[in-house]
Amino acid sequence: ATSVLVNGCARRSAEEPLAQSKKALKKQQKEAEKAAKKADKQAKLAAEQQTTDEEDFAKDRYGLSPMLQSQQKLDRVLVRVQDLTPKKADQLVWVRARIHTSRAKGKQCFLVLRQQQFNVQALVAVGDCTSKQMVKFAANISKESIVDVEGVVRNVDQKIESCSQQDVELHLQRIFVISQAEPRLPLQLEDAVRPEVEGDEEGRATVNQDTRLDNRVIDLRTTTSQAIFRLQSGVCQLFRDTLINKGFVEIQTPKIISAASEGGANVFTVSYFKTSAYLAQSPQLYKQMCICADFDQVFCIGPVFRAEDSNTHRHLTEFVGLDIEMAFNYHYHEVVDQITDTLVQIFKGLRDRFQTEIQTVNKQYPSEPFKFLEPTLRLEYKEAVAMLKEAGVEMGDEEDLSTPNEKLLGRLVKEKYDTDFYVLDKYPLAVRPFYTMPDPNNPKYSNSYDMFMRGEEILSGAQRIHDPQLLSERALHHNIDLEKIKAYIDSFRYGAPPHAGGGIGLERVTMLYLGLHNVRQTSMFPRDPKRLTP
């Protein structure tokens, strides 16, 4: 086909098929249709908007509240989600909670409202006091936003399995956003509580540990985290109550000190004006000074710092120490009995008062209930070594227990005695700190002990040397500069009662009681060699 130039424009010669122009025509038609549709849609929207403006009879019943700056005192009573039970059926209540999930379905929207570890289903449906616009507004509130809602508590025919409040739902009449969450969350709460097994088998998303810890504020909102840290609070309370009932005095000790408390290298140095100081590796020296100062039985709860470059499931560089020290009359077992009794009281208290939390954690991290005996099982180190050798472990009689051997011993003890908690007594002197009292009958051993939960050590303790002469000798034996611990040794020069004690790691106790596998799960904002934030 040839084109001819007519008035400077290319014209098709007559014989060229007209396919091209037909195509163009079709395209034009399509575009015209599209434009008409668009105009139509916009007209409809405008009309809708007009009717919206006219007909939204519920517009005072929902919306974004102005920022709460304590403008007024309302005598409104907010009901807690956990108190929404059939007893409250047909009552009109106000609730403040987070939007956990929402799904719109035609003229209604289902919300799950969450408050800590409790949640309830709520329904917003078009009706006498609810407009279409209100339903749409409710459906579009971003997850994790905080809302105030007013609604009627209604009994349900069929249990709502996915909520903690299974027998009721809320029929909402008002909903106001108090604090809006950004629409994109760094992690989804449903993913964060999904059991790992489900994630693996069904290929559904779970959240890895670093993501959790980087976004800890959101991770701590999950039902599992809420349960873990409420139970941990219970451990502290039970520890404190039990010891105060036994006549102990709570003390506070300094964390910035002039010499490493445990000797050794794993200590943080901090600059202190023109000199350096250290972060306390334990309240050891101060607990003992209090005994020498006639406080008789003391305990403290506070941070402990260890500069160990250990990246394991159970090491932190800062943890919470629950420490005990007490004078005894004639034998350090008087102290061991007091400590084991304190731990047993904690275990019983958790079992009796925190079943809800234990069950919640179990849903995501299943484990066997924690078992303990009364009185507590006490084994001697030599017996433990014999049990391990019998099980095929090659080790010397005075060798320290490695972590795998501790775990194995835990299994052997559980098989033989059916307990998750026991004491190992009379450790070899060589593997204990310089201030440990040697065994009077065998200088290779010592009056020291560790306590174990599910095969992992949670407490280390001993009778302390209260004689300045022997203490100096033992310190020199450990190559410790006596000048640096002069104040410590001097505190025993003016009459010191025989005494013993021990230190417990709060995060480890919580982790092992619940059968969890990483101490970072039980440390609110963990610190390890690789993590200093958030």
Side-chain angles (χ1 to χ4, degrees), residues 98 114-117 144 146 179 181-182 184-189 191-194 196 206-240 252-256 266-270 278-283 300-323 346 350 354 357-358 360-361 364-365 453 456 458 503-534:
R98 286 187 187 275
R114 191 184 80 247
Q115 191 180 65
Q116 293 149 2
Q117 69 256 63
E144 293 304 295
I146 297 172
S179 173
E182 290 192 0
R184 281 202 63 173
L185 293 172
L187 58 96
Q188 299 300 325
L189 273 85
D191 297 343
V193 294
R194 188 166 286 129
E196 276 151 20
T206 53
V207 182
N208 74 31
Q209 188 164 271
D210 277 332
T211 307
R212 287 175 186 279
L213 295 178
D214 290 341
N215 301 286
R216 193 59 156 157
V217 170
I218 296 180
D219 183 47
L220 288 173
R221 293 178 189 174
T222 65
T223 46
T224 307
S225 295
Q226 287 283 320
I228 288 171
F229 292 103
R230 284 163 197 278
L231 181 130
Q232 186 171 81
S233 165
V235 174
C236 281
Q237 195 189 342
L238 289 159
F239 178 76
R240 185 175 270 124
Q252 305 296 340
T253 64
K255 307 299 173 226
I256 305 176
N266 57 351
V267 56
F268 288 110
T269 309
V270 291
Y278 303 98
L279 293 181
Q281 294 158 293
S282 99
C300 65
I301 300 177
V304 175
F305 302 91
R306 300 278 164 94
E308 276 181 75
D309 196 359
S310 298
N311 294 287
T312 75
H313 76 283
R314 62 179 193 161
H315 283 91
L316 293 169
T317 51
E318 178 182 349
F319 64 89
V320 177
L322 308 178
D323 272 87
I346 292 173
L350 295 178
F354 289 88
E357 284 75 8
I358 293 167
T360 301
V361 176
Q364 187 173 1
Y365 302 106
M453 287 172 67
E456 295 197 34
I458 54 138
I504 304 165
L506 171 65
E507 293 85 352
R508 270 193 202 180
V509 170
T510 313
M511 162 177 91
L512 294 164
Y513 183 82
L514 289 168
L516 298 171
H517 299 296
N518 196 308
V519 74
R520 289 160 191 79
Q521 293 170 300
T522 55
S523 171
M524 209 168 236
F525 299 102
R527 294 289 171 261
D528 62 34
K530 295 189 165 62
R531 180 172 288 279
L532 256 177
T533 54

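Along the sequence shown, residues carry numbers from 1. When reading the values below, keep in mind they use all heavy atoms of this one structure, side chains included, and skip hydrogens, waters and symmetry mates. Treat the numbers as computed from the prediction; the structure is a model and nothing was measured.
Contact record, Ile458 with Arg508: CG2-CB, 4.2 Å, taken as the closest heavy-atom pair. Closest non-hydrogen pair, Pro254 versus Ala280, comes out as O-CB, 4.0 Å. Summarising the geometry of Leu213 relative to Pro534, their closest heavy-atom pair is O-CD, 3.3 Å, with the distance given to 0.1 Å. Here the closest heavy-atom approach between residue Thr206 and residue Arg194 is recorded as CG2-O, 4.0 Å. Looking at every heavy atom in both residues, Tyr365 comes nearest to Glu196 through CE2-OE2, 3.9 Å. Contact detail for Gln252 and Ile301: the closest heavy-atom pair is OE1-O, 4.5 Å.
Side-chain contact between Glu357 and Leu350 is absent, with no heavy-atom pair separated by less than 4.5 Å. Residues Val361 and Leu516 meet the side-chain proximity criterion, which asks for heavy atoms closer than 4.5 Å. At least one side-chain heavy atom of Thr317 sits less than 4.5 Å from a side-chain heavy atom of Pro529. Counting heavy atoms from C-beta outward, Arg114 and Leu189 have side chains that approach closer than 4.5 Å. The shortest side-chain heavy-atom distance between Val235 and Tyr513 does not fall under the 4.5 Å cut-off. Side chains of Gln116 and Arg230 form a contact here, defined as non-hydrogen atoms less than 4.5 Å apart.
Under the 3.5 Å distance criterion, the side-chain polar atoms of Thr510 are matched with a main-chain donor or acceptor of Leu506. Counting only distance, with no hydrogens or angles, the side chain of Glu507 and the backbone of Val320 share a donor-acceptor pair below 3.5 Å. Gln281 places a side-chain N or O within 3.5 Å of a backbone atom of Asn266 that can act as its donor or acceptor partner. Gln226 places a side-chain N or O within 3.5 Å of a backbone atom of Leu220 that can act as its donor or acceptor partner. In this structure, the side chain of Arg527 engages the main chain of Leu532 through a donor-acceptor pair within 3.5 Å.
Among residues two or more places apart in sequence or in another chain, the side-chain hydrogen bond (donor to acceptor under 3.5 Å, both in side chains) test is passed with Thr253 by Lys255. Residues that satisfy the ring pair (Phe, Tyr, Trp, His ring centres under 6.0 Å) test with Phe319, not counting sequence neighbours, are absent from this structure. Remark: Asp309 engages no residue in a salt bridge (Lys or Arg N to Asp or Glu O under 4.0 Å) (not counting sequence neighbours). Legend: residues meeting salt bridge (Lys or Arg N to Asp or Glu O under 4.0 Å) with Arg314, ordered by chain and number and at least two apart, are Glu406, Glu456. With sequence neighbours left out, the salt bridge (Lys or Arg N to Asp or Glu O under 4.0 Å) criterion links Glu308 to no other residue. With sequence neighbours left out, the salt bridge (Lys or Arg N to Asp or Glu O under 4.0 Å) criterion links Asp219 to Arg212, Arg216.
In this structure, Asp191 CG and Leu185 CG are separated by 10.5 Å, a value rounded to the nearest 0.5 Å. Interatomic distance, Tyr278 OH to Ile256 CD1, rounded to the nearest 0.5 Å: 14.0 Å. Distance check: Ser233 OG to Ile228 CD1 gives 14.0 Å after rounding to the nearest 0.5 Å. Note: Thr533 OG1 to Phe525 CZ = 11.0 Å, rounded to the nearest 0.5 Å. Between the CG atom of Leu316 and the CZ atom of Arg306 there is a distance of 11.0 Å, given to the nearest 0.5 Å. Taking CD1 of Ile218 as the start and OG1 of Thr211 as the end, the distance is 11.5 Å to the nearest 0.5 Å.
Side-chain atoms of Gln364 and Thr224 include a donor-acceptor pair closer than 3.5 Å.
Within a 6.0 Å sphere centred on NE2 of His517, heavy atoms belonging to other residues, nucleotides or ligands number 12 at most.
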Please walk me through it: do Arg520 and Asp210 pass salt bridge (Lys or Arg N to Asp or Glu O under 4.0 Å)?
CA-CA 10 Å; Arg520 289 160 191 79; Asp210 277 332; over 6 Å; no
For Ser225 and Gln521: C-alpha separation, side-chain torsions, deciding distance, then whether side-chain contact (heavy atoms from CB on, under 4.5 Å) applies.
CA-CA 8 Å; Ser225 295; Gln521 293 170 300; over 6 Å; no
